[in-house]
Amino acid sequence: RGIYNCLLNLCAKAEDHEGVHQVYRQLVQDGCDRNAYTYTCVISSLVKSRAVDEAWDTFREMQREGLVPNELTYGALICGFARENELDKALKLWKETKKCGYTMDVYSTSVLMQGLAKVGRMDKASRVFTAMKREGVRPNTRAYNIMCDGFGKAGEMDKALALLEEMKEMNISPDATTYNTLMDGLCKAGKADEASELFNHMTSTGCAPDVYTSTIVLAGLTKAGFTKDALKVFAVLKERGVRLNASAYNTLIDALAKAGQLQDALGLFAEMGEFGLPPDFITYNIILKAYCDVGQVQESHLLFVDLKNKGWNHDPVAYNTLTCGLAKARNFDLALQLFEEMKLKQAMPTAVTYSTLIDCLGKEGRLNEAYSLFQEMRLLKGDQQQAEVNLVVYNSLLKAVCKAGDIERAFELWEEMKRSGCNPD
RNA sequence: GCAGAUUAUUCAUUAA
């Protein structure tokens with residue numbers, strides 16, 4: 001058993017999850033007995049290779065054998081479930097650790113908090129965070145950053161800012177990520193003035209801005225309609241030799257394109273090349289959309305084909321952008337062809353893909369096709385899809401159904417929305 | 001003795 005455990009550990013350390021699997025199979029075949037260490041190695045390896053369900057089965061098996069899981073076993077599983085958005089399971093396990101009298105560390109607790117934040121359950125995240133502190137586990141900067149981000153995205157900037165104060169009281173120093181997160185939240189809440197104050201505070205405490213800061217500031221300006229000022233800031237940053245990455249360029253290219261200044265946008269795109277800064281897939285997605293928006297869908301399509309030939313064909317956003325452009329130009333043949341292509345490539349259709357097609361088909365009066373796409377979404381479960389029905393999908397279908405005058409079906413949908421936790425907006 | 005975490009830029013619905 002000792003040898004097997006060592007082997008498992010080695011494979012796990014090398015991130016060789018297939019190896020862990022093989023060693024474990026061999027171990028079972030040999031009828032070798034397992035201890036908590038053995039199981040924990042296997043479980044955390046399974047979690048790492050995103051096979052949470054298998055990890056869970058292994059966990060159950062472990063318990064059936066009468067072995068006692070430790071903090072690490074629980075930690076791995078809680079992280080696994082939290083990452084897969086299975087937060088009820090994660091929370092249940094977390095509660096179990098309390099019953100066992102275990103103290104979970106900041107790490108696992110943070111992953112759980114982040115998972116809860118991602119699905120908008122900040123109340124629960126907050127309780128988990130408080131419980132951790134009450135147990136005497138000292139939070140770190142990252143844990144606070146996660147909570148600040150969660151509150152910001154939930155539109156509760158007051159709570160996020162209160163945490164910054166708490167950090168000071170606790171003598172935990174905020175870092176660039178903390179300030180970036182808060183500034184981004186403030187910008188998105190339309191409080192640019194407060195964001196700017198925070199920026200001054202950040203630099204006055206000796207915390208240096210990083211590449212994220214630039215993009216957050218630039219995006220804050222463009223989204224508030226100050227693209228000209230953003231361009232000025234951009235020029236100053238370049239002049240001062242601040243390192244700018246593709247994201248900073250992307251922000252401005254997108255803003256210019258959306259303001260109808262396609263030529264200026266393309267000019268910046270060209271500048272990236274001159275500076276030896278390679279465009280990333282987001283840059284191309286922005287250009288793809290820019291062409292569609294000025295009615296040059298064929299130009300967009302040409303670029304898309306070009307990208308595919310270079311092997312950039314795994315991005316659902318690129319597919320979605322072009323599909324939308326085509327569908328809005330009423331070229332459904334090609335749009336639906338791309339949709340089918342997505343299923344074959346490593347770019348599974350997302351909720352955006354479905355809502356795009358449902359909406360455009362609805363506008364075209366092709367309600368039955370829109371409806372069957374909706375059904376398809378609901379039928380695909382688990383690993384074969386990246387698409388959960390969401391509010392926009394319901395809204396699009398509802399619009400199509402109303403346009404067709406089918407009031408009865410509209411009410412059916414309305415009720416279904418509420419039942420499934422998608423509250424109408 | 002064993003695992004793991006945070007922020008930015010791109011795509012879909014939105015009446016009168």
Side-chain angles (χ1 to χ4, degrees), chain A residues 5-6 8-9 12-13 36-45 47-48 70 72-73 75-80 82-83 105-115 117 140-150 152-153 175-185 187 210-220 222-223 245-255 257 280-290 292 315-325 327-328 350-360 362 390-400 425:
Chain A
N5 283 353
C6 281
L8 285 172
N9 182 16
K13 268 237 159 76
Y37 181 92
T38 321
Y39 274 109
T40 304
C41 275
V42 174
I43 288 171
S44 52
S45 162
V47 165
K48 264 188 153 182
N70 59 23
L72 284 128
T73 329
L77 272 174
I78 290 173
C79 292
R83 292 174 154 289
D105 64 5
V106 218
Y107 214 115
S108 317
T109 313
S110 298
V111 178
L112 178 58
M113 293 181 333
Q114 201 198 355
N140 57 17
T141 306
R142 282 192 177 207
Y144 274 102
N145 292 349
I146 288 167
M147 290 302 288
C148 285
D149 186 52
K153 297 219 157 76
D175 60 10
T177 301
T178 318
Y179 289 111
N180 289 342
T181 304
L182 291 170
M183 286 190 296
D184 187 51
C187 287
D210 62 10
V211 282
Y212 282 80
T213 318
S214 310
T215 305
I216 288 165
V217 170
L218 293 171
T222 60
K223 296 273 151 76
N245 61 8
S247 300
Y249 273 91
N250 293 345
T251 306
L252 291 172
I253 293 172
D254 184 56
D280 60 13
F281 59 93
I282 294 184
T283 319
Y284 287 115
N285 291 341
I286 292 167
I287 308 272
L288 286 172
K289 180 167 170 54
C292 287
D315 184 19
V317 178
Y319 274 97
N320 290 343
T321 303
L322 187 58
T323 302
C324 179
K328 281 189 173 153
T350 65
V352 175
T353 325
Y354 283 98
S355 59
T356 302
L357 289 169
I358 288 171
D359 182 58
C360 293
N390 65 19
L391 184 62
V392 182
V393 173
Y394 275 118
N395 284 347
S396 305
L397 188 62
L398 202 51
K399 198 174 93 173
D425 61 358

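Excluded from the calculations below are hydrogen atoms, water molecules and symmetry mates; all remaining heavy atoms, backbone and side chain alike, are included. Proteins come first, then strands; the chains are lettered A, B, ... in the order of their sequence lines, and each starts at number 1.
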Considering every strand and a 4.0 Å limit on heavy-atom distances, what is the contact class for [X]: base, sugar-phosphate, or nothing?
X	value
Val111(A)	sugar-phosphate
Asp105(A)	base
Ser247(A)	base
Ile216(A)	sugar-phosphate
Asp315(A)	nothing
Asp425(A)	nothing
Thr251(A)	sugar-phosphate
Ser355(A)	base
Ser396(A)	sugar-phosphate

Exercise. Can you list the steps and then say if Thr141(A) with Asp175(A) is a side-chain hydrogen bond (donor to acceptor under 3.5 Å, both in side chains)?
Worked result: CA-CA 7 Å; Thr141(A) 306; Asp175(A) 60 10; 5.2 Å; no
Is it true that a side-chain atom of [X] and a backbone atom of [Y] form a donor plus acceptor pair closer than 3.5 Å?
X	Y	value
Asn285(A)	Leu288(A)	no
Ser45(A)	Cys41(A)	no
Asn245(A)	Ala248(A)	yes

Seminar exercise, completed: Within residues 140-147 of chain A, those residues having any heavy atom closer than 4.0 Å to RNA chain B are Asn140(A), Arg142(A), Asn145(A), Ile146(A)
For this session: Before giving the answer on side-chain hydrogen bond (donor to acceptor under 3.5 Å, both in side chains), spell out for Thr215(A) and Ser247(A) the whole-Å C-alpha distance, their side-chain angles and the decisive distance to 0.1 Å.
Result: CA-CA 6 Å; Thr215(A) 305; Ser247(A) 300; 4.9 Å; no
Problem set entry | Closest non-hydrogen atom pair between Ala351(A) and Val393(A), with its separation |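 Nearest pair, atom of Ala351(A) first, then Val393(A): O-CG2, 3.8 Å.
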For this session: For side-chain hydrogen bond (donor to acceptor under 3.5 Å, both in side chains), just list the numbers for Thr177(A) and Asn145(A), CA-CA rounded to whole Å, side-chain angles, deciding distance to a tenth of an Å, and then say yes or no.
Result: CA-CA 7 Å; Thr177(A) 301; Asn145(A) 292 349; 4.6 Å; no
Problem set entry | Contact boundaries on RNA chain B for chain A, cut-off under 4.0 Å to non-hydrogen atoms |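 Listing 5' to 3', RNA chain B meets chain A from rG1(B) to rU14(B).
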For this session: Start with the C-alpha distance between Ile78(A) and Val111(A), add both sets of side-chain angles, then the distance that settles side-chain contact (heavy atoms from CB on, under 4.5 Å), and finish with yes or no.
Result: CA-CA 8 Å; Ile78(A) 290 173; Val111(A) 178; over 6 Å; no
Problem set entry | Contacts of type ring-ring contact (aromatic ring centres under 6.0 Å, His included), residue Tyr39(A), not counting sequence neighbours |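 Scan of Tyr39(A) (ring-ring contact (aromatic ring centres under 6.0 Å, His included), adjacent residues dropped) gives none.
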